[in-house]
Student: 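This structure is in structure tokens; I'll ask about it shortly.
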Amino acid sequence: MVNLRSSRFRLGGTVTLALAPRRTVLADFVPGALVRDLTLVVAGAALTGLAAQVALPIPGSPVPLTGQTFAALLVGAALGWQRGATSMLLYLIAGVAGVPWFQGGTSGAPVSLGYVVGFVFAGALVGALAGRGGDRTPLRVVGTMALGNLAIYSVGVPWLMAATGMSLSKAVAVGVLPFLLGDALKIALAAGVLPGTWALLRRR
Ligand SMILES: O=C(O)CCCC[C@@H]1SC[C@@H]2NC(=O)N[C@@H]21
């Protein structure tokens, strides 16, 4: 197999240098789309791991305020449901296996692991909604991200109750209420970033 990247260079109008056609190398057989998908999946998990290092302890709560929801929901919206969910699944599995990219450089199975499981469902949900235009206007992003947050809490809170023996009201008091303002600010940021990116792309 010959790659058709043969080249002719005219040097100073007098000498012509012709390069032989480049022969195929093994890397040429790696499908480009697969490589792109894998790169996006790994990058999404890494971005979430980076955002997890922004972690503010909340007095009286075993769960910190983190940048994770912003990253996880953004990854879902930008990558679509399959790559978004796969990316969050990679984040979950690698973190449980020991990669220190959960909140504040932790790993394993903390009491807050349910939220990370929720990222997988949120990535799928937000990705599916983005695939239907849910990331195109600020108002739609607010709705899409609010549903994504709901998916995160739907797993995070029962998990917190099971892991600590807390009642539902206590789990809501320490595992939901302290984060509502921060989560709303992250949604507001996403409501600017996503439609803004679409507007930039449309201008090209
Ligand atoms: O252990 C972890 O890495 C998971 C931490 C989960 C933090 C949750 S996600 C929803 C809520 N919003 C926040 O900013 N923090 C909590």
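These numbers were taken from a predicted model, which means no experiment stands behind them. Indexing begins at 1, ligand by ligand and atom by atom, following the structure's order.
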Student: May I ask you to decide if Ile58's main-chain N or O and Ser61's side chain share a donor-acceptor pair within less than 3.5 Å?
Tutor: no
Student: Under a 4.0 Å threshold between the charged nitrogen and the carboxylate oxygen, would Arg22 count as salt-bridged to Asp28?
Tutor: yes
Student: Report the part of Phe179 in contact with ligand 1, treating N, CA, C, O as backbone and CB onward as side chain, heavy atoms under 4.0 Å; options are side chain, backbone, both, neither.
Tutor: side chain
Student: Is the contact between Thr69 and ligand 1 made by the side chain, the backbone, both, or neither, using heavy atoms and a 4.0 Å cut-off?
Tutor: side chain
Student: Under 3.5 Å, N or O to N or O, is Tyr115 touching ligand 1 that way?
Tutor: no
Student: Hey, does Gln68 come in under 3.5 Å of ligand 1, counting only N/O atoms on both sides?
Tutor: yes
Student: So if I count the atoms of ligand 1 from 1 in the order they appear, which ones are less than 4.0 Å from some heavy atom of Phe102?
Tutor: 3 (O)
Student: Tell me: protein heavy atom nearest atom 1 (O) of ligand 1, and distance?
Tutor: Ser112 OG, 2.6 Å
Student: Answer with side chain, backbone, both or neither: which part of Thr106 has a heavy atom less than 4.0 angstrom from an atom of ligand 1?
Tutor: neither
Student: Which ligand 1 atoms does Gln103 reach within 4.0 Å, using its non-hydrogen atoms?
Tutor: 1 (O), 2 (C), 3 (O)
Student: To the nearest 0.5 Å, tell me how far Tyr115 OH sits from Leu160 CG.
Tutor: 5.0 Å
Student: Indicate yes or no for a side-chain donor-acceptor contact from Lys186 to the backbone of Thr66 under 3.5 Å, with no hydrogens or angles considered.
Tutor: yes
Student: May I have the step-by-step check of side-chain contact (heavy atoms from CB on, under 4.5 Å) for Trp198 and Thr137, ending in yes or no?
Tutor: CA-CA 9 Å; Trp198 277 114; Thr137 68; over 6 Å; no
Student: State if Pro64 counts as touching ligand 1 under the rule of any non-hydrogen atom under 4.0 Å.
Tutor: yes
Student: Which protein heavy atom lies closest to atom 12 (N) of ligand 1, and at what distance to 0.1 Å?
Tutor: Asp183 OD1, 3.2 Å
Student: Which residue supplies the protein heavy atom nearest to atom 11 (C) of ligand 1, what is that atom called, and how far is it?
Tutor: Tyr153 OH, 3.4 Å
Student: More than 12 heavy atoms of other residues, nucleotides or ligands under 6.0 Å from CG of Leu200: yes or no?
Tutor: yes
Student: I'd like to check which ligand 1 atoms, numbered from 1 as shown, lie under 4.0 Å from a non-hydrogen atom of Val63.
Tutor: 7 (C), 8 (C), 16 (C)
Student: Taking side-chain hydrogen bond (donor to acceptor under 3.5 Å, both in side chains) as the cut-off, I'd like each qualifying pair that reaches into residues 82-92, sequence neighbours left out, listed once.
Tutor: Asp37-Arg83, Gln68-Tyr91
Student: Answer yes if Met145 and Val176 sit in the same cluster of Ile, Leu, Val, Met, Phe, Trp and Tyr residues linked by side chain heavy atoms under 4.5 Å apart, and no otherwise.
Tutor: yes
Student: Would you mind telling me if ligand 1 is within reach of the side chain of Leu113, the backbone, both or neither, using heavy atoms under 4.0 Å?
Tutor: neither
Student: Atom CH2 of Trp101 and atom OG1 of Thr48: how far apart are they, to the nearest 0.5 Å?
Tutor: 8.0 Å
